[in-house]
Amino acid sequence: MAELSLPDLDPVSDRAVFRQIADHIRDAIERGSLPEGAKVPSEAQLMQHYGVARMTIRNALQVLQGEGLTVAEHGRGVFVRSRPPVRRLASDRFARRHREQGKAAFIAETEGAGAKPSVDSIEIKEVRPPVAVAERLAISPDELVISRSRRYLINGQPVETAVSYIPAEIARNTQIAEPNSGPGGIYARLEELGYRLDHFVEDVKARMPLRDEVRALKLAPGVPVFQLIRTAYTVEGLPVEVCDTVMSSDAYVLSYELPAR
């Protein structure tokens with residue numbers, strides 16, 4: 001414990017002892033005294049420092065793991081969890097200038113932040129859309145759509161999954177229905193097909209992840225996700241794409257510029 005200074009317990013506090021200990025370690029992580037990848041003091045060291053039973057220490061460590069701050073590695077100990085680089089979701093990320101430069105939004109923003117973007121697990125199907133998606137696209141649930149499912153990674157670490165739905169009568173037999181949608185992504189292809197984009201509507205909510213999402217995004221226990229559903233509209237007001245995105249909440253900051261008029 002010599003390399004890490006932790007406070008003593010407050011004997012008059014009404015906060016449970018294991019929560020006080022968790023507070024101390026959390027504060028050390030937030031201050032950078034325990035940086036990403038650092039090993040948390042062992043159970044024996046913490047027991048000696050605080051003068052408490054092993055189960056109290058384990059309860060404290062379980063709190064931190066449940067918050068997604070630490071990970072336990074069998075036979076090695078408990079470590080501060082490494083987090084992916086934070087990607088800021090700016091309000092102009094779908095600006096036309098990015099498409100004209102031949103870069104889809106994820107590629108442009110990630111490279112702009114000095115990180116390495118990649119995409120995998122690409123799957124394309126022609127399916128009937130979920131009812132909620134059909135409503136957003138203003139089509140019948142019986143009409144077919146092209147479904148483009150993929151996973152996005154930053155520096156090799158998965159940060160989000162996304163499924164785009166485009167009416168099949170628009171996307172069928174185009175590059176939108178190919179694994180490589182080409183420079184600028186599917187929005188560039190839509191505009192080439194004559195569907196000039198005017199605006200996007202996004203709905204965002206936070207929730208706990210489903211089991212498949214935990215596996216796909218390699219989420220630590222206790223880490224919630226953002227679910228963002230975006231609808232793309234043309235200048236004529238026609239909805240041409242709905243994208244259902246699930247993002248690791250510790251990899252993103254939602255940042256929007258809002259007019260005051």
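Values below: every heavy atom of this structure, side chains too, minus hydrogens, waters and symmetry copies.
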Could you give me the CA-CA distance, side-chain angles and deciding distance for Tyr187 and Phe200, then say whether ring pair (Phe, Tyr, Trp, His ring centres under 6.0 Å) is met? CA-CA 11 Å; Tyr187 292 150; Phe200 303 87; 5.1 Å; yes
Test log, rule side chain to side chain donor-acceptor pair (under 3.5 Å), inputs Tyr252 and Glu160: CA-CA 10 Å; Tyr252 287 91; Glu160 70 176 83; 2.3 Å; yes
Would you sort out whether Glu36 and Arg81 count as a salt bridge (charged side-chain N to carboxylate O under 4.0 Å, His left out), showing the intermediate values? CA-CA 6 Å; Glu36 291 185 10; Arg81 180 171 173 256; over 6 Å; no
Walk me through it: do Leu193 and Ile176 pass the test side-chain contact (heavy atoms from CB on, under 4.5 Å)? CA-CA 10 Å; Leu193 292 168; Ile176 294 172; 4.0 Å; yes
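Residues Met47 and Val17 share a hydrophobic cluster, clusters being chains of Ile/Leu/Val/Met/Phe/Trp/Tyr side chains in contact below 4.5 Å. When the side chains of ILVMFWY residues are joined at heavy-atom separations under 4.5 Å, either directly or via intervening members, Val40 and Val71 end up in two distinct hydrophobic clusters. Under the 4.5 Å side-chain heavy-atom criterion for Ile, Leu, Val, Met, Phe, Trp and Tyr, Tyr152 and Leu219 are members of distinct hydrophobic clusters. With hydrophobic clusters built from ILVMFWY side chains whose heavy atoms lie under 4.5 angstrom apart, Val253 does not share a cluster with Val223. Both Ile57 and Val80 belong to a single network of hydrophobic side chains, linked directly or stepwise wherever heavy atoms of I, L, V, M, F, W or Y lie under 4.5 Å apart.
Glu213 has no carboxylate O lying under 4.0 Å from a charged side-chain N of Arg211, or vice versa, which leaves the two without a salt bridge. The existence of a salt bridge linking Asp27 and Arg31 is confirmed by a sub-4.0 Å separation between a basic side-chain nitrogen and an acidic carboxylate oxygen. A salt bridge links Arg172 with Glu126: the closest approach of a Lys/Arg side-chain nitrogen to an acidic carboxylate oxygen falls below 4.0 angstrom.
Using a distance-only test at 3.5 Å, with no hydrogens or angles considered, a donor-acceptor pair links the side chain of Gln175 to the main chain of Asn180. At distances below 3.5 Å, at least one donor-acceptor pair connects side-chain atoms of His49 with backbone N or O atoms of Leu6. Of the possible donor and acceptor atoms, none in the side chain of Ser248 sits under 3.5 Å from a partner among the backbone N and O of Val159. In this structure, Arg189 contributes its side chain and Pro183 its backbone to a donor-acceptor pair below 3.5 Å. Judged by distance alone, with hydrogens and angles left aside, the side-chain atoms of Glu143 form no donor-acceptor pair with the main-chain N or O of Pro167 at under 3.5 Å. Side-chain atoms of Gln45 come within 3.5 Å of backbone atoms of Ser42 as a donor-acceptor pair (strictly under, hydrogens ignored). With hydrogens and angles disregarded, a donor-acceptor distance shorter than 3.5 Å links the side chain of Thr174 to the backbone of Ala171.
When each of Val201, Val242, Val204 is paired with Ile229, the side chain to side chain contact (heavy atoms under 4.5 Å, CB included) condition holds for Val242 and for no other. Ile139 pairs with exactly one of Val145, Leu144, Val133 by the side chain to side chain contact (heavy atoms under 4.5 Å, CB included) rule, that one being Val145. Tested against Gln227, the residues Thr245, Asp244, Asp203 include a single side chain to side chain donor-acceptor pair (under 3.5 Å) partner, Asp244.
Across Phe106 and Ser118, no two heavy atoms sit closer than the pair CE2-O, 4.0 Å. The two residues Ala138 and Pro239 have their closest heavy-atom pair at CB-CG, 4.2 Å. Between Leu217 and Met247 the shortest heavy-atom distance is CD1-C, 4.4 Å. Pairing each heavy atom of Leu64 with each of Arg26, the nearest pair is CD2-CB, 3.9 Å. Taking every heavy atom of both residues into account, Ala216 and Arg151 meet most closely at O-NH1, 2.8 Å. Considering all non-hydrogen atoms of both residues, Arg15 and Gln20 come closest at O-NE2, 3.1 Å.
Side-chain contact between Tyr50 and His24 is present, with at least one heavy-atom pair separated by less than 4.5 Å. For the pair Ile166/Val240, no side-chain contact is recorded, criterion being any heavy-atom separation below 4.5 Å from C-beta on. Between Glu73 and Val78, the closest side-chain pair of non-hydrogen atoms is not below 4.5 Å. At least one side-chain heavy atom of Val63 sits less than 4.5 Å from a side-chain heavy atom of Arg19.
The number of heavy-atom neighbours closer than 6.0 Å to CD of Gln48, taken from other residues, nucleotides and ligands shown, is 12 or below.
In the model, Ser164 has a side-chain atom that pairs as donor or acceptor with a side-chain atom of Arg150 under 3.5 Å.
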